[in-house]
2 protein chains.
Amino acid sequence: MNNSYNYLLEHNVKPSMQRMSIMKYLLTHKNHPTADDIYNELSKRMPTLSKTTVYNTLKILSDSKACLALTLDEKNIHYDGDTSLHGHFLCKDCNKIIDIPLNEISLLRNESSEFTVDSVEISFYGYCSNCEKKRI
Amino acid sequence: MNNSYNYLLEHNVKPSMQRMSIMKYLLTHKNHPTADDIYNELSKRMPTLSKTTVYNTLKILSDSKACLALTLDEKNIHYDGDTSLHGHFLCKDCNKIIDIPLNEISLLRNESSEFTVDSVEISFYGYCSNCEKKRI
DNA sequence: GTGCTTGCAAATCGTTTGCAATAGC
DNA sequence: GCTATTGCAAACGATTTGCAAGCAC
């Protein structure tokens, strides 16, 4: 899938070399990378890439819903090129993040799956009625 | 409710003046404070309280499930003395965090409520099968 | 007095900011 | 040329760490 160019356009993000590379990385790597992960990988092939650009781009992409910014790990923001509705499991020991299809959630809450779930956090983002008014 | 002493014992946390004050604050303030919020409030009456102690204590309390550590706001960790299963709404403009009873979730996803929901994050915490083995 | 708790100061580190250089229309 | 993008270096700020002092049993 080399269509990061079109993918960006569809999300109203003006394409550039840097933005396409970062978007392509997110679309082809489902390992929930951090800004640093992406920078380290891409700068191997793009030595002039700057970390600031990675941060800027990831902000633009997540604001445009071209990717998700996951906050479940309090240390780092992780990014996910899969914007469909699904859950995430964070292992407190190895810090790996694993995708959880939503229809498995009931299983997980019964602790009958391959994970031991300690706690759940369900977060909604948007605008409250007050701020929504101000935006119009 | 002055039973922060018993509440700590029930959660296997050895009580101390500082820990009781912080626990009491969480049990009586449902505004999802940060470590800094709690420090600023409590240090008015406990001038010798240190921010390190607030951080240490909040870590102990959340590890012991005496409170929740919310990561939905990427800037700060917010704490919640209400450990029952419920969701949270974060307004991207005013940054207020609002409790969401779980039975309202379906309403929110239809955007028929008082909030405009842009995105949802469902996070599970625990131990993956690999790490669970190592712990035993 | 032994071990846990507290608190100060300093360090850490992911992220942001200021601003000059560059690229694209 | 004008505007947006990029990139370097410096700043920021929430959280953590090292360690000495205090407290409790």
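Note that the structure is a prediction, hence the values are computed from the model and not measured. Naming: A, B, ... by sequence-line order, numbering from 1 per chain. Just so it is clear, the values below take in all heavy atoms, side chains as well, and ignore hydrogens, waters and symmetry mates.
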**Request:** Ignoring the backbone of A/Thr52, work out which of D/dA4, C/dG7, C/dG18 is nearest its side chain.
**Result:** C/dG18
**Message:** Which nucleotide wins on minimum distance to the side chain of A/Arg19, given the candidates D/dG18, D/dT5, D/dA14?
**Reply:** D/dT5
**Asked** Among the nucleotides C/dC4, C/dT17, C/dT6, which one has an atom lying closest to any side-chain atom of B/Ser16?
**Response** C/dT6
**Message:** If you compare every side-chain N and O of B/Tyr55 against the phosphate oxygens of D/dT16 (OP1, OP2), does one of them come in below 4.0 Å?
**Reply:** no
**Request:** Report the distance from atom NZ of A/Lys51 to atom P of D/dC12, rounded to the nearest whole Å.
**Result:** 20 Å
**Request:** Check whether any side-chain N or O of B/Lys14 sits under 4.0 Å from OP1 or OP2 of D/dA24, and answer yes or no.
**Result:** no
**Asked** Okay, side chain of A/Tyr7, backbone of A/Ala66: is any donor-acceptor separation there less than 3.5 Å?
**Response** yes
**Fill in**
In whole angstroms, the gap separating P of C/dT6 from CG of B/Leu42 amounts to 13 Å
**Item:** Rounded distance (Å) that lies between atom P of D/dT15 and atom CG of B/Asp37
**Value:** 10 Å
**Fill in**
Result for 5'-nearest mapping on DNA chain D, choosing between A/Ile60 and A/Pro47, is A/Ile60
**Prompt:** B/Asn56 CG to C/dC8 C1': how many Å, rounded?
**Reply:** 12 Å
**Request:** Establish, with yes or no, whether the OP1 or OP2 oxygen of D/dG7 is under 4.0 angstrom from a side-chain nitrogen or oxygen of A/Thr53.
**Result:** yes
**Request:** Select base, sugar-phosphate, or nothing to describe what B/Thr48 touches, counting heavy atoms under 4.0 Å on all strands.
**Result:** sugar-phosphate
**Asked** Can you tell me how far C1' of C/dG14 sits from NZ of A/Lys59, to the nearest Å?
**Response** 14 Å
**Fill in**
Closest non-hydrogen contact found for B/Val54 with B/Ile22 is CA-CD1, 3.9 Å
**Request:** For A/Asp73 and A/His32, test the side chains for any donor-to-acceptor distance below 3.5 angstrom and give the result as yes or no.
**Result:** no
**Request:** Describe, in one word, how the ring planes of A/His29 and A/Tyr25 are oriented to each other, choosing from parallel (under 30°), tilted (30 to 60°) and perpendicular (over 60°).
**Result:** parallel
**Request:** Quickly work out the A/Asn76 CG to C/dT12 P distance and round it to whole Å.
**Result:** 17 Å
**Prompt:** Nearest to the side chain of B/Gln18 - C/dT15, D/dT6, C/dG7?
**Reply:** C/dG7
**Item:** Nucleotide D/dG13, atom C1' - distance to CG of B/Asp36 in whole Å
**Value:** 10 Å
**Message:** Rounding to an integer number of Å, can you tell me how far B/Leu58 CG sits from C/dT6 C1'?
**Reply:** 15 Å
**Message:** A quick test of your reading: do over 12 heavy atoms of other residues, nucleotides or ligands sit less than 6.0 Å from NZ of A/Lys30?
**Reply:** yes
